[in-house]
Amino acid sequence: MSRPGNYGKSSRLKQLRQIRRRKQQQTSRTIGWDQVEDFLLGRYHLVQGSKLPPIVDATVQRFFSEWLQTALAQGEGQVQWDVTALTATTLQRIGNQVPWQFYGLLAGQALRWQRLLVREGPVVPLATPRQIISPLSEAAWQQLLADQLAVNLLTVSAVSVTVKQRQQLAGSFLVANQLQWPAVAALFAPLGFQVTPGTDQKTTRWLNDLRGLTVGDFHH
């Protein structure tokens, strides 16, 4: 039988070994910075995307991928991901590379996607966890999408975009903080949408599927 002193020492050594083992296990479970996008896209598809129609799933996944590229471009040292700022930057970059229907599908899924981001973002197994800050309210989402649609329309119409023009046009898209898709469609439809030459086959098919959607398809 061990004497109390020896038992206490043995017990402490055992606890230290367990702590070291747990730390090693935690370290081995972390992922690299270059794996974050695949990790979160996988979580999105597993939790939400697989339950959605394929065209909706593909649209939100592509938006999420662009959003993550914006976030990751800040570098590992930026531990706070500002949803409002990153979303605005991402939408500006996407712009007219997609038809207006892209924004229609995104509007119906934005809050659901954001809830997943707020929940899943901080638990990505990085050495330094990310903090998800400044999420958008429903009204803010509608306003942000209206602003981007206004910029897209003015840009494709070859009109120099002023703040006043953007605000006026975005305002015409909104009634009681809700986007009016018939109004959006009426202005964008005559302009058409052309897939950029050289676009890969999968993306071309997705863009053409989007282009075929009507306002009636946006009732989520």
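Note that the numbering runs from 1 along the sequence shown for the chain.
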Measure across [X] and [Y] and return the closest heavy-atom pair with its distance rounded to 0.1 Å.
{"X": "E76", "Y": "R130", "answer": "O-NH1, 2.9 Å"}
{"X": "V83", "Y": "S134", "answer": "CB-O, 3.5 Å"}
{"X": "L111", "Y": "S137", "answer": "CD2-C, 4.3 Å"}
{"X": "D57", "Y": "G49", "answer": "OD1-CA, 3.3 Å"}
{"X": "F39", "Y": "P125", "answer": "CZ-CD, 3.4 Å"}
{"X": "L136", "Y": "A140", "answer": "CD2-CB, 3.6 Å"}

Next item on the list: Just do the side chain to side chain contact (heavy atoms under 4.5 Å, CB included) check on E138 and Q178 with the steps written out, would you?
Entry: CA-CA 9 Å; E138 182 177 4; Q178 290 295 313; 3.3 Å; yes
Is there a side-chain contact between [X] and [Y] in this structure, where contact means two heavy atoms from C-beta onward sitting under 4.5 Å apart?
{"X": "Q74", "Y": "W81", "result": "yes"}
{"X": "V98", "Y": "L207", "result": "yes"}
{"X": "L169", "Y": "Q165", "result": "no"}
{"X": "P122", "Y": "I132", "result": "yes"}
{"X": "L52", "Y": "Q109", "result": "yes"}
{"X": "I55", "Y": "W206", "result": "yes"}
{"X": "L179", "Y": "L149", "result": "yes"}
{"X": "Q80", "Y": "Q78", "result": "yes"}

Note to self: side chain to side chain contact (heavy atoms under 4.5 Å, CB included) for Q97 and T196? Distances and angles first, verdict last.
What the structure shows: CA-CA 8 Å; Q97 296 178 63; T196 304; over 6 Å; no
Working to the nearest 0.5 angstrom, can you tell me the gap between [X] [atom1] and [Y] [atom2]?
{"X": "Q48", "Y": "L116", "atom1": "CD", "atom2": "CG", "answer": "4.5 Å"}
{"X": "Q114", "Y": "T84", "atom1": "CD", "atom2": "OG1", "answer": "7.5 Å"}
{"X": "L40", "Y": "L117", "atom1": "CG", "atom2": "CG", "answer": "7.5 Å"}
{"X": "Q143", "Y": "Q148", "atom1": "CD", "atom2": "CD", "answer": "12.0 Å"}
{"X": "N177", "Y": "Q142", "atom1": "CG", "atom2": "CD", "answer": "8.0 Å"}
{"X": "R166", "Y": "L153", "atom1": "CZ", "atom2": "CG", "answer": "13.5 Å"}

Hey, does the side chain of [X] reach the backbone of [Y] with a donor-acceptor pair shorter than 3.5 angstrom?
{"X": "T204", "Y": "D200", "answer": "yes"}
{"X": "E37", "Y": "L68", "answer": "no"}
{"X": "T59", "Y": "F102", "answer": "no"}

Notebook entry, point to check: Are L72 and I133 joined in one hydrophobic group, where the rule is that I, L, V, M, F, W and Y side chains link up if heavy atoms are under 4.5 Å apart?
Noted result: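 Per the 4.5 Å side-chain linkage, L72 and I133 are not co-clustered.
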Next item on the list: Indicate if V79 and V124 have the same hydrophobic cluster label, given that clusters are the connected sets of ILVMFWY residues with side-chain heavy-atom separations under 4.5 angstrom.
Entry: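 No: no chain of side-chain contacts under 4.5 Å links V79 to V124.
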Checklist line | ring pair (Phe, Tyr, Trp, His ring centres under 6.0 Å) contacts touching residues 166-186 (sequence neighbours left out) | finding: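 Ring pair (Phe, Tyr, Trp, His ring centres under 6.0 Å) check on residues 166-186 returns W181-F218.
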Next item on the list: Report the C-alpha distance between I94 and W67 in whole Å, list the side-chain angles of each, state the deciding distance to 0.1 Å, and finish with yes or no for side chain to side chain contact (heavy atoms under 4.5 Å, CB included).
Entry: CA-CA 10 Å; I94 293 171; W67 193 95; over 6 Å; no
Next item on the list: Check whether the side chains of S65 and Q61 place a donor and an acceptor atom closer than 3.5 Å, and report yes or no.
Entry: no
Next item on the list: Could you verify whether a donor N or O on one side chain and an acceptor N or O on the other, from N208 and R211, lie under 3.5 Å apart?
Entry: yes
Margin query: I'd like to check the side chain to side chain contact (heavy atoms under 4.5 Å, CB included) partners of T89; sequence neighbours left out, ordered by chain and number.
Written below: T70
Notebook entry, point to check: Would N152 and T155 satisfy side-chain hydrogen bond (donor to acceptor under 3.5 Å, both in side chains), going step by step from the backbone distance to the final call?
Noted result: CA-CA 5 Å; N152 291 355; T155 302; 5.7 Å; no
Notebook entry, point to check: Are the ring centres of F193 and W100 closer than 6.0 Å?
Noted result: no
Item checked: Close aromatic pair by centroid cut-off 6.0 Å: Y44 and W113 ->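 Between Y44 and W113, the centre distance exceeds or equals 6.0 Å.
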Notebook entry, point to check: Run the side chain to side chain contact (heavy atoms under 4.5 Å, CB included) check on L91 and L145 step by step: do they pass?
Noted result: CA-CA 8 Å; L91 292 176; L145 292 170; 3.9 Å; yes
